[in-house]
Amino acid sequence: MRHDFHALRNHLAAGHRCVDAWLALAKLVTVPAHQLDCLARASALAPDDVELEIAYLEQRLNIDPGDAEAAGALRAARARRALTGHKPRLFKQMDASPTLGSILVQMGAITLQELEWLLEEQAAIRRRGEQMMFGDIAVARGKVTPETLARALMVQIQQRVENDGAPRALGEYLIANGLPPERLEQALTEQIYLRRIGRRETLGEILLRRRWVTRDQIERALAQQRQDALSLFR
């Protein structure tokens, strides 16, 4: 079927969401705009595939060499590809953590079909040059509540610890230094609610306002976070 234009078109028209089929179709069509559309659809189905992202961006530039947004995104994607095989130990530890989407599926909060749809939505947002976290998209689209998202984030932290993953965010460093996990979860829930109404407040600000940590604890945790980040380049 890979070399049969009509079979591929009918396969996709039937509703099959197949990356390989879109890639095969991209090789068969001859109109550059049609090739771009095929690559865009394939990339939306596999938003974490950097090679596919690069192919899509290269085709955008092939059609419009003056597309500054695509040029910048292509440089970033090529840089990520170059770093893939040269990750420091800390990055490898981070990779042990499960994705937020997979955790939400395991919790029964969303279905696999909803996960796929949300990933496509995130990919479409990125192609517009915008950034939006997966969890915020899930909340904004009414798929999960802020409480459910905060719970999933806590599960992600717990599983990262169980997999010997290195801390990533400020909250994890604070937990390591004695912050009760239930308080972090409550602060995360509040932060998600605030983002929904357009208010940006850092986790540290929320924890300080609630008097669950001291400024000294925040500063120590941030210092440790910076030290770990700098260790990547030694």
Side-chain angles (χ1 to χ4, degrees), residues 47-48 80 83 87-110 115 118-119 121-122 125-126 130-234:
D48 294 327
R80 291 200 307 275
L83 289 170
K87 292 182 180 179
R89 181 172 177 271
L90 181 57
F91 278 173
K92 292 181 179 179
Q93 287 179 314
M94 287 179 174
D95 288 346
S97 63
T99 65
L100 187 59
S102 67
I103 291 172
L104 288 168
V105 171
Q106 292 169 8
M107 291 170 59
I110 60 174
L115 171 60
L118 288 168
L119 288 172
E121 179 80 359
Q122 186 178 39
I125 290 171
R126 286 175 177 171
E130 304 170 14
Q131 292 295 328
M132 192 172 182
M133 292 185 291
F134 176 86
D136 285 345
I137 296 172
V139 172
R141 301 301 182 264
K143 300 301 180 182
V144 298
T145 65
E147 288 83 2
T148 299
L149 178 57
R151 178 90 290 271
L153 289 168
M154 295 302 298
V155 170
Q156 187 178 51
I157 292 172
Q158 181 182 356
Q159 292 189 18
R160 188 150 55 233
V161 171
E162 292 173 353
N163 291 333
D164 294 323
R168 284 190 181 183
L170 174 64
E172 295 175 64
Y173 285 93
L174 290 171
I175 284 181
N177 286 282
L179 176 68
E182 60 271 17
R183 288 192 168 175
L184 176 60
E185 184 172 344
Q186 291 174 39
L188 286 169
T189 301
E190 181 175 348
Q191 186 181 44
I192 295 163
Y193 269 111
L194 289 173
R195 282 204 301 265
R196 285 187 67 190
I197 61 174
R199 284 181 54 190
R200 297 284 172 176
E201 192 168 358
T202 68
L203 189 64
E205 289 169 341
I206 294 170
L207 291 166
L208 283 170
R209 175 163 48 76
R210 289 189 171 226
R211 298 183 180 179
W212 287 340
V213 296
T214 65
R215 190 165 296 279
D216 184 59
Q217 288 173 308
I218 291 285
E219 290 174 355
R220 285 203 307 268
L222 287 172
Q224 184 61 53
Q225 191 179 34
R226 286 193 296 270
Q227 180 180 336
D228 287 344
L230 289 172
S231 71
L232 300 177
F233 302 99
R234 292 173 184 166

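Just the heavy atoms: all of them, side chains too, but no hydrogens, waters or symmetry mates, feed the values below.
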Would a 4.5 Å heavy-atom cut-off, applied to side chains only, mark W212 and Q186 as touching?
yes
From Y173 OH over to L179 CG, what is the distance, rounded to the nearest 0.5 angstrom?
15.0 Å
Scanning both residues in full, the closest heavy-atom pair of A221 with L170 reads CB-CD1, 3.6 Å
Intermediate values then yes/no, side chain to side chain contact (heavy atoms under 4.5 Å, CB included), I103 and L153
CA-CA 9 Å; I103 291 172; L153 289 168; over 6 Å; no
Where A187 and L207 come nearest, the two heavy atoms and their spacing
CB-CD2, 3.7 Å
More than 12 non-hydrogen atoms from neighbouring residues, nucleotides or ligands closer than 6.0 Å to CZ on R196, yes or no?
no
For G101 against I110, the heavy-atom pair lying closest together:
O-CD1, 4.1 Å
I'd like to know if R210 and E190 make a salt bridge, using a cut-off of under 4.0 Å between side-chain N and carboxylate O.
yes
If you define the side chain from C-beta out and look only at heavy atoms, does anything of L118 sit under 4.5 Å from K143?
yes
Correct closest heavy-atom pair for I175 and P181 would be CD1-CA, 4.1 Å
For V213 and L208, which heavy atoms make the closest approach, and how far apart are they?
O-CD2, 3.6 Å
Going by heavy atoms in the side chains, are T145 and I192 under 4.5 Å from each other?
no
Under a 4.5 Å cut-off applied to non-hydrogen side-chain atoms, are L174 and I218 in contact?
yes
Side chain to side chain contact (heavy atoms under 4.5 Å, CB included) between L194 and I206, intermediate numbers included:
CA-CA 10 Å; L194 289 173; I206 294 170; 4.2 Å; yes
Does the side chain of E147 pick up a donor-acceptor pair with the side chain of Y193 at under 3.5 Å?
yes
Do L104 and L115 touch side chain to side chain, with heavy atoms closer than 4.5 Å?
no
Considering only heavy atoms from C-beta outward, does the side chain of Q217 approach that of N177 to under 4.5 Å?
no
Candidate pair E201 and R209, rule salt bridge (Lys or Arg N to Asp or Glu O under 4.0 Å), full reasoning
CA-CA 11 Å; E201 192 168 358; R209 175 163 48 76; 3.1 Å; yes
Let me confirm one number: the CE-CG distance from M154 to L184, rounded to the nearest 0.5 Å.
4.5 Å
Assess whether side chain to side chain contact (heavy atoms under 4.5 Å, CB included) is satisfied between Q159 and Q106, documenting all intermediate values.
CA-CA 13 Å; Q159 292 189 18; Q106 292 169 8; 3.9 Å; yes
If I take atom CG from residue D136 and atom CD from residue Q131, how far apart are they, to the nearest 0.5 angstrom?
12.0 Å
Is any side-chain heavy atom of L119 less than 4.5 Å from a side-chain heavy atom of F134?
yes
M132 and Q122: side chain to side chain contact (heavy atoms under 4.5 Å, CB included), yes or no, with the steps?
CA-CA 7 Å; M132 192 172 182; Q122 186 178 39; over 6 Å; no
Is there side-chain contact between T148 and M107, with heavy atoms separated by less than 4.5 Å?
yes
